Amino acid sequence: MAKELAKTYDPSGIEDRLYQKWLDKKYFHAEVDESKKPFTIVIPPPNITGQLHMGHALDNTLQDILIRFKRMQGYNALWQPGTDHASIATEVKIIEKLKEEGIRKEDLGREGFLERAWAWRKEYGGRIVSQLKKMGSSCDWDRERFTMDEGCNKAVNEVFVKMYKKGYIYKGSRIINWCPVCNTSISDAEVEYQEQAGHFWHIKYPILNDDDTESGEYLIFATTRPETMLGDTAVAVHPEDERYKHLIGKNLMLPLMNRKIPIVADEYVDREFGTGVVKITPGHDPNDFEVGKRHDLPIINIMNDNATINANGGKYEGMDRYEAREAIVKELDAMGLLVKIEDHVHNVGTHDRCKTTVEPLVKAQWFVKMDELIKPAQKAVREGEIRLVPESMQKTYFNWTDNIRDWCISRQLWWGHRIPAYYCDKCGETVVAKAAPEKCPKCGETHFTQDPDTLDTWFSSALWPFSTLGWPEQTKELKYFYPTDVLVTGYDIIFFWVIRMIFSGYEQMGEKPFKTVLFHGLVRDDKGRKMSKSLGNGIDPLEIIKQYGADALRLTLVTGNAPGNDMRFYYEKVEANRNFANKIWNASRFIMMNMEETQPTKPEAADLKPADHWITSRVNRLIKDVTENMEKYELGVAVQKIYDFIWDEFCDWYIEMVKPRLYAKDDAKSRNAALYTLKTVLIDALKLLHPYMPFVTEEIFCTLQDEEESIMVSDWPVYDEARNFAKEETEIETIKEAIRGIRNVRTEMNVPPSKKAQVFVVSDSEEKRGVFTGNNDFFKALAYASEVIVQADKSGIADDAVSVVIAHVNIYMPLGDLVDLEKELERLKKEEQRLEGELKRVNGMLSNEKFVSKAPEAKIAEEKAKLEKYTKMMEQVKAQIANLAK
RNA sequence: GGGCUCAUAGCACAGCUGGGAUGUGCGUCCGCUUCACGUGCGGAAGGUCACAGGUUCGAGCCCUGUUGGGCCCACCA
């Protein structure tokens, strides 16, 4: 006996209950099972600092759709979840919190700070997970991992030591990006360039004679960062520059510091730009650093880690970089060395986390050498071993891999994987090992100090596809679930994450980490702007779920969107999708109300009507299309088809067609056949929809079946040739066309629905007449007919009856006074015109010799059929016009 | 400077390997208390598929160029 369903679908309450049921039944859990084929997705681990935002919502919806789809198809589906320690993001957050308590991280010391950090993780780390659950994500939570858990740490150490031994990891002094606020180095990828209004300070340095006396001549140049002059060790000009050629090799006096510096020649200088003279500060500018190397210039570091001037800055020691800038400009001006100041807009590198202007500094850091490592990653994508969806992302991918630079992996932070390098307290020997060494291999000393730095967050994320499956242990999970099948992620982290996982997979596992990468875009606000904290235009997915339900949100995020494209978020769209959930709910409710007394049984073939075959054939086709689309990751296209099928074909047509049979209780067999078809087609549609809208579909499925079984572990529908009914499809299409024509005419004539009329169906084709007599039950109802009369000719039909012309059939409705003959004539003339156009087009094509000789036969046949159809329709319309004119 | 990407109805978007602009949501107009749903039903209006060439029997889709958005990388001091 079917349960009673509420009149409108209310997701609140239902969703949590169903999710709990799925958890209790362990449906999300996957165990290694050699008898089944695995299908694996590893989650892009959200930051433990994170709050669920629309980006997560989209990312996780896509993954959940794929995993539920494959699970229903019979795969052993594993969605491996976990979270990321997000070193900088988290450390910044904790420091902020400490600040509220008036504590600096140094006060706590490393141990104390880490204690706080772990406590923080314990308190907030689970928040994002519980939020993902609200989305309906079917992750195997029993396998939840954390990028800094014991296993991941083991994997990190293993990789670090191995790559160090291979020479892929090295320590070197390089100019790196330094964030003076976070007090750490950051990688190139973490630098964000911002346009800022600044100044060009034009400054001149005195040129020295060979005997070091001032020549009275000057070299003028411009700089945006005058304070760096304290660290200048040269001035460069272009070797071919006629203006300065004679000065090359001479020296200048660096003002304020009173240091003699050379004039060097370097191709790097652009003669066209400014005065064609560049001051060289190898310690504080990446380009200058390179110039310095070429000319063997000394590197002078004038800055402390907090961006104040150090002892090398002479009397400016202790000043902040901007304070020093002001003081220096003032003094140069006083000395008459400041030529002019210009306004200048330029790009300034800032730290993407805290927006502080980064300071290029020369520091000893750990790097990963990329030139060899990247090769298999390039090859894999080039040769199709790894597929990127959409394919156009390959271009971005190669743009990155082709220009790759060594990866700075050390961070001067405490929260993260500590670098497994140990320095001998006595002789300073470096030992890289998974654990602290017993004694120094060089001097035998037993005391070591571990490198204080930690690793870039992405170092552990790069190992995620295999570290989560147990690597470096050779677990059965690793053997079974690796390589994973799909990675779903935003195109914005191709470089940060995707590329690094790929080369790490090949290097550590000797195998790709995943077969396909499905990219999605950004979720923007309704004006197309990025959602951001600073703009305050972010929309909280949890709020949407509360208001409209998770299903409506999920559908909103995937419909009408192609892979890799950005999308805009509209409340109206969510509302529309909420309405869709309600629509299915009510259709199901209707079916169940009609099944209250008896459950339908499988009908005899003879009891099935054309309409039943039609909808069966349609859903069968839908199964094929949707499955194909989903296999190709065309998730938005697939769900659009399901939506259209359910709303238009199933609800607006089939249910309406079947109503007369449900209400007429005298023909039990026909009623049973209709109910059976309603139920089976609905179940098929629900199954197809389930990956997208897991909650409503489950609730209805369970109520409909009246059992505890779950749709999420039911079998995915399979296309079945035996459920194809081409003849009935054409038949029903004819009836639909007739009904649409009748409705159309009636609306145009302002005939109220309550006013029923006789409907004459005239056709010289016996077959066509059969179609109408065979479907009379619903045709009569949907055509607002008081009576349907099917006959071979026009006898007995009033001359002023309104006519509807469809292919091979003429329909007449004697509406008497309700019809304005003038208007009717006008309508027919319009129809005549339309047909004329159609005929012209078809004839044009068919009389084109080139078309007939070159186009495929099927296409030609199609056009010929149309020609015949339109010709016939034209004859009828012309006859009717002549008739009315009488 | 280099690369990528987009331009389709008033708005936001789909449109698979080229075959009548096929379509969705919102909006607009007209009509409907039809016993599942007004979170609904029926009907309608609205598009030179940015522009200019080309390939083709045939182009929204392929090629070239132009214009105008967006993104990424580089960072000329």
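Naming: A, B, ... by sequence-line order, numbering from 1 per chain. Quick caveat, the model's predicted, so the values are computed rather than measured.
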It should be established whether [X] places a side-chain nitrogen or oxygen under 4.0 Å from OP1 or OP2 of nucleotide [N].
X	N	result
A/Lys573	B/rU24	no
A/Tyr397	B/rC72	no
A/Asn750	B/rG31	no
A/Asn744	B/rA44	yes
A/His344	B/rA77	yes
A/Lys659	B/rA36	yes

At 4.0 Å (heavy atoms only), tell me whether [X] reaches a base, stays on the sugar-phosphate, or touches nothing.
X	value
A/Arg740	sugar-phosphate
A/Ile655	base
A/Asp270	base
A/Lys395	sugar-phosphate
A/Asn848	sugar-phosphate
A/Arg743	sugar-phosphate
A/Arg578	base
A/Trp585	nothing
A/Tyr870	base

Both distances below 3.5 Å, Watson-Crick or wobble geometry, any strand: find the nucleotide opposite [N].
N	result
B/rG25	B/rC11
B/rC32	B/rG40
B/rU48	none

Does the Lys NZ or Arg CZ of [X] fall within the cation-pi geometry relative to [Y] - under 6.0 Å from the ring centre and within 45° of the axis?
X	Y	answer
A/Arg618	A/Trp647	no
A/Lys756	A/Tyr784	no
A/Lys659	A/Tyr654	no
A/Arg661	A/Phe778	no

### Message
Tell me which residues in residues 647-654 of chain A lie within less than 4.0 Å of RNA chain B, going by non-hydrogen atoms.
### Response
A/Trp647, A/Cys651, A/Asp652
Measuring only the [atom1] atom in each nucleotide, how far is [N] from [M]? A whole number of Å is fine.
N	M	atom1	answer
B/rU22	B/rC61	C1'	14 Å
B/rG2	B/rU48	C1'	36 Å
B/rG31	B/rA21	P	33 Å
B/rC13	B/rU8	C1'	10 Å
B/rA7	B/rA44	C1'	29 Å
B/rA74	B/rU66	P	26 Å
B/rG54	B/rC16	P	25 Å
B/rU64	B/rU5	P	12 Å

### Task
Return yes if the base of B/rC37 and the side-chain atoms of A/Lys7 contain a donor-acceptor N/O pair under 3.5 Å, otherwise no.
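For A/Lys7, whose side chain was compared with the base of B/rC37, there is no donor-acceptor pair (under 3.5 Å).
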Is [X] salt-bridged to [Y], going by a charged N under 4.0 Å from an acidic O?
X	Y	value
A/Glu342	A/Lys340	yes
A/Glu826	A/Lys823	no
A/Arg243	A/Asp241	yes

### Message
With a 3.5 Å distance limit and no angle check, can you tell me whether A/Asn586 reaches the backbone of A/Arg589 through a side-chain donor-acceptor pair?
### Response
no
### Residue pair A/Tyr205, A/Phe221: steps toward the ring pair (Phe, Tyr, Trp, His ring centres under 6.0 Å) verdict
CA-CA 9 Å; A/Tyr205 289 171; A/Phe221 58 88; 4.7 Å; yes
